Amino acid sequence: MEAEQIKRLIIGNLFAVKLLNDSMIDITAHSELCKNLRELAHAWQGLECIDKELMQYIYSFVMVTLNHAQAPGVNAEEREQLWNMYIELDNLVLECLASE
């Protein structure tokens, strides 16, 4: 898949929107997002320049996830789930950055 196709899928992903607006953990959207980030890292391998605007957008997903993991009132099970999601997303962002 080409980087532009992957970009559209990432921008259309509702994981962060649902988490931010509804405090809903959408496991399916998270899994899709992770899959797309892996594909993006692969598509960006060897490029001299990456889409910085997309990276900023992607990193907002990471920060929304971290903020919800640290929010008061989140039960222990959700906190652990969000923390694991945060770590996975953060690692995938680093993979995308390392591929350039």
Side-chain angles (χ1 to χ4, degrees):
M1 191 177 309
E2 293 184 23
E4 280 302 312
Q5 292 172 303
I6 299 166
K7 178 180 179 176
R8 285 192 294 274
L9 291 172
I10 290 170
I11 290 172
N13 188 288
L14 297 178
F15 171 71
V17 173
K18 288 180 179 180
L19 189 58
L20 190 58
N21 293 341
D22 306 325
S23 295
M24 180 182 154
I25 301 172
D26 186 334
I27 295 171
T28 303
H30 176 265
S31 296
E32 266 306 300
L33 178 60
C34 291
K35 176 182 165 253
N36 294 146
L37 289 173
R38 283 185 196 91
E39 291 170 346
L40 185 64
H42 179 73
W44 280 358
Q45 282 183 343
L47 293 181
E48 291 185 27
C49 183
I50 61 172
D51 186 333
K52 291 179 182 177
E53 186 177 332
L54 178 59
M55 281 310 303
Q56 185 176 19
Y57 183 78
I58 290 169
Y59 205 71
S60 70
F61 290 172
V62 176
M63 295 314 299
V64 165
T65 307
L66 176 61
N67 288 343
H68 275 272
Q70 296 175 336
V74 175
N75 70 48
E77 183 180 329
E78 285 181 343
R79 186 176 312 280
E80 182 177 352
Q81 184 178 24
L82 287 165
W83 184 252
N84 290 334
M85 289 175 160
Y86 158 73
I87 291 170
E88 184 174 18
L89 289 172
D90 195 55
N91 286 333
L92 288 169
V93 166
L94 292 174
E95 281 183 37
C96 289
L97 291 172
S99 62
E100 90 171 299

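Not measured: the values here are computed from a predicted model.
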Give, for atom [atom1] of [X] and atom [atom2] of [Y], the distance between the pair rounded to the nearest 0.5 Å.
{"X": "Leu97", "Y": "Lys52", "atom1": "CG", "atom2": "NZ", "answer": "10.5 Å"}
{"X": "Ile11", "Y": "Asn36", "atom1": "CD1", "atom2": "CG", "answer": "11.0 Å"}
{"X": "Lys35", "Y": "Leu9", "atom1": "NZ", "atom2": "CG", "answer": "7.5 Å"}
{"X": "Ile58", "Y": "Asp90", "atom1": "CD1", "atom2": "CG", "answer": "12.0 Å"}
{"X": "Cys96", "Y": "Arg38", "atom1": "SG", "atom2": "CZ", "answer": "10.5 Å"}
{"X": "Gln81", "Y": "Asn75", "atom1": "CD", "atom2": "CG", "answer": "9.5 Å"}

Using side-chain heavy atoms (C-beta onward) and a distance below 4.5 Å, is [X] in contact with [Y]?
{"X": "Leu14", "Y": "Asp26", "result": "no"}
{"X": "His30", "Y": "Ile25", "result": "no"}
{"X": "Phe61", "Y": "Val93", "result": "no"}
{"X": "Glu95", "Y": "Leu37", "result": "no"}
{"X": "Phe15", "Y": "Thr65", "result": "yes"}
{"X": "Leu40", "Y": "Met1", "result": "no"}

message: Pair Glu2, Arg8 - check salt bridge (charged side-chain N to carboxylate O under 4.0 Å, His left out), show working.
response: CA-CA 10 Å; Glu2 293 184 23; Arg8 285 192 294 274; over 6 Å; no
- request: Evaluate whether atom CD of Gln5 has more than 12 neighbouring non-hydrogen atoms of other residues, nucleotides or ligands under 6.0 angstrom away.
  value: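 Yes, because the 6.0 Å sphere around CD of Gln5 holds more than 12 heavy atoms from other groups.
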Answer yes if [X] and [Y] sit in the same cluster of Ile, Leu, Val, Met, Phe, Trp and Tyr residues linked by side chain heavy atoms under 4.5 Å apart, and no otherwise.
{"X": "Leu54", "Y": "Leu47", "answer": "yes"}
{"X": "Ile87", "Y": "Met63", "answer": "yes"}
{"X": "Tyr86", "Y": "Ile27", "answer": "yes"}

- prompt: For the side chain of His68 and the backbone of Leu82, is there at least one donor-acceptor N/O pair under 3.5 Å apart?
  reply: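 Answer holds: no.
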field: Heavy-atom donor-acceptor pair, Arg79 side chain to Gly73 backbone, under 3.5 Å
entry: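 Not confirmed, Arg79 side chain does not pair with Gly73 backbone.
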message: If the test is side chain to side chain contact (heavy atoms under 4.5 Å, CB included), which one of Val62, Asn84, Leu94 qualifies with Leu89?
response: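 Answer after filtering Val62, Asn84, Leu94: Val62.
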task: For Tyr57, enumerate each residue passing the side chain to side chain donor-acceptor pair (under 3.5 Å) test, keeping only those at least two apart in sequence or located in another chain.
output: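 For Tyr57, no residue satisfies side chain to side chain donor-acceptor pair (under 3.5 Å) once neighbours in sequence are set aside.
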